[in-house]
There are 2 protein chains.
Amino acid sequence: MIDNLDKNIINALTENARLSYAEIAKDNGVSPATVHVRVEKLRKAGVITGARTTVDARKLGYDITCFIGIILRQAGDYPTALKKLENLPEVTEAYYTTGQYSVLIKVMVRNIDDLQKLLIERLQVIEEIQSTETLISLQAPIQRSIRA
Amino acid sequence: MIDNLDKNIINALTENARLSYAEIAKDNGVSPATVHVRVEKLRKAGVITGARTTVDARKLGYDITCFIGIILRQAGDYPTALKKLENLPEVTEAYYTTGQYSVLIKVMVRNIDDLQKLLIERLQVIEEIQSTETLISLQAPIQRSIRA
DNA sequence: TTTGAAAGTATTTAGGA
DNA sequence: TCCTAAATACTTTCAAA
């Protein structure tokens, strides 16, 4: 089971993945070795799945983030459509959803031209896709993790 | 400017934030000190913004992830509405968007009951919100970073 | 800007409470 | 399970190229 120490470790590391075990240990009144043991346990249990450095996409030239809602022709088209979406590097996230759309994807592109090309030349040509709806994100004011 | 070494470092760290500089150095035929200098440079330039450990939300009891499209009463309501959304810890992401919705939020909750309560008791009571539309995510098959 | 070398920290293992 | 202590490894600084 996950106890309070585990939770504190998870919350600390989801905010800053490069925090040292030594520091987390100090904050929690345990030894660094204990933190090490707990993190290994959480990793083996699949609770902790990895760690990613976050970057400012604009500084890398990706000025536009958007969400695209996709409606598929048929429910059964999902596996094939997903494979095709995986081949588009601009697609950074995909969600299989109930409601409005069959699939919601998050896309990052350099500019409006690239977005238009992506939509027309590489998304709308996918035969399993019936239609798409684009939401351009102008700002992402909240970006945080759930608390353990 | 960002050269190839910078890009390789960014790509390595966005995949695994806990990779050692020593290892990245080895993969790129430079010294660990150089990797250190580059990472500091990227951090100071605001390209690298942080690092977060990723967790399996379900293992923490958050069984439901969903996106909620929000339509505000008036465009000018955005700043007030955002402040209210920030106070809901279940809201892990928010995007100010063009198109269909004024705001798109990502929400993580423990179960359908909690989702219903969130929607009815804490979202739909926000006076700036005219209506909401919920997309429940059943799967998130793609989760990756843009490449530098 | 990069490097090797030194100094300072952190991680990791292992034995004992 | 946790700790201390020791060994290993990594990060960080710095002077020189």
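Note on naming: letters A, B, ... go to the chains in the order of the sequence lines (proteins, then strands), and numbering restarts at 1 for each one.
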Please collect all salt bridge (charged side-chain N to carboxylate O under 4.0 Å, His left out) contacts where either partner lies in [range], sequence neighbours excluded, each pair once.
{"range": "residues 96-109 of chain B", "result": "B/E93-B/K106"}
{"range": "residues 116-125 of chain A", "result": "A/E90-A/R122"}
{"range": "residues 10-37 of chain B", "result": "B/E15-B/R147"}

Self-check item: Qualifying residues under side-chain contact (heavy atoms from CB on, under 4.5 Å), relative to B/A25, sequence neighbours excluded
Solution: B/V30, B/P32, B/V35
Exercise. Tell me, please, which residues at least two apart from B/D3 pass side-chain contact (heavy atoms from CB on, under 4.5 Å).
Key: B/L5, B/D6, B/R38
Exercise. Any ring pair (Phe, Tyr, Trp, His ring centres under 6.0 Å) involving residues 4-36 of chain A? Give me the pairs, sequence neighbours left out, ordered by first then second residue.
Key: none
Exercise. Mind running a 4.0 Å heavy-atom check of residues 31-45 of chain B against DNA chain C and sending the residues that fall below it, in number order?
Key: B/S31, B/A33, B/T34, B/R38
Closest non-hydrogen atom pair, [X] against [Y]:
{"X": "A/R144", "Y": "B/P89", "answer": "NH2-CA, 3.9 Å"}
{"X": "A/D56", "Y": "B/G46", "answer": "CB-O, 3.3 Å"}
{"X": "B/M108", "Y": "B/A57", "answer": "CE-CB, 3.4 Å"}

Quiz item: With a 4.5 Å limit on heavy-atom distance, are the side chains of A/L115 and A/D113 in contact?
Solution: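 With C-beta onward as the side chain, the pair stays apart.
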Self-check item: Span of DNA chain D in contact with chain B (heavy atoms, under 4.0 Å)
Solution: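 Endpoints of the contacted stretch of DNA chain D: D/dC10 to D/dT13.
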Quiz item: First and last nucleotide of DNA chain C in contact with chain A, 5' to 3', at under 4.0 Å to a heavy atom: what are they?
Solution: C/dA10 to C/dT13
Verify whether one side chain among [X] and [Y] offers a donor that lies under 3.5 Å from an acceptor in the other.
{"X": "B/D63", "Y": "B/N111", "value": "no"}
{"X": "B/S137", "Y": "A/T97", "value": "no"}
{"X": "A/T14", "Y": "B/T53", "value": "no"}

Practice problem: Can you pull out how bent the helix from C/dT1-D/dA17 to C/dA17-D/dT1 is, comparing the axes over its first five and last five pairs, to 10°? | Solution: 30°
Practice problem: Mind listing the residues from residues 1-22 of chain A sitting with a heavy atom below 4.0 Å of DNA chain D? Number order is fine. | Solution: A/R18
Side-chain atoms of residues 64-83 of chain A: list all donor-acceptor pairs with protein atoms under 3.5 Å, sequence neighbours left out, distances to 0.1 Å.
{"unit_1": "A/R73", "atom_1": "NE", "unit_2": "A/E127", "atom_2": "O", "d": "2.8"}
{"unit_1": "A/D77", "atom_1": "OD2", "unit_2": "A/Q74", "atom_2": "N", "d": "3.3"}
{"unit_1": "A/Y78", "atom_1": "OH", "unit_2": "B/Q139", "atom_2": "OE1", "d": "3.2"}

Quiz item: So, does A/R110 use its side chain to make a donor-acceptor pair with the main chain of A/L60 at under 3.5 Å?
Solution: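 Present.
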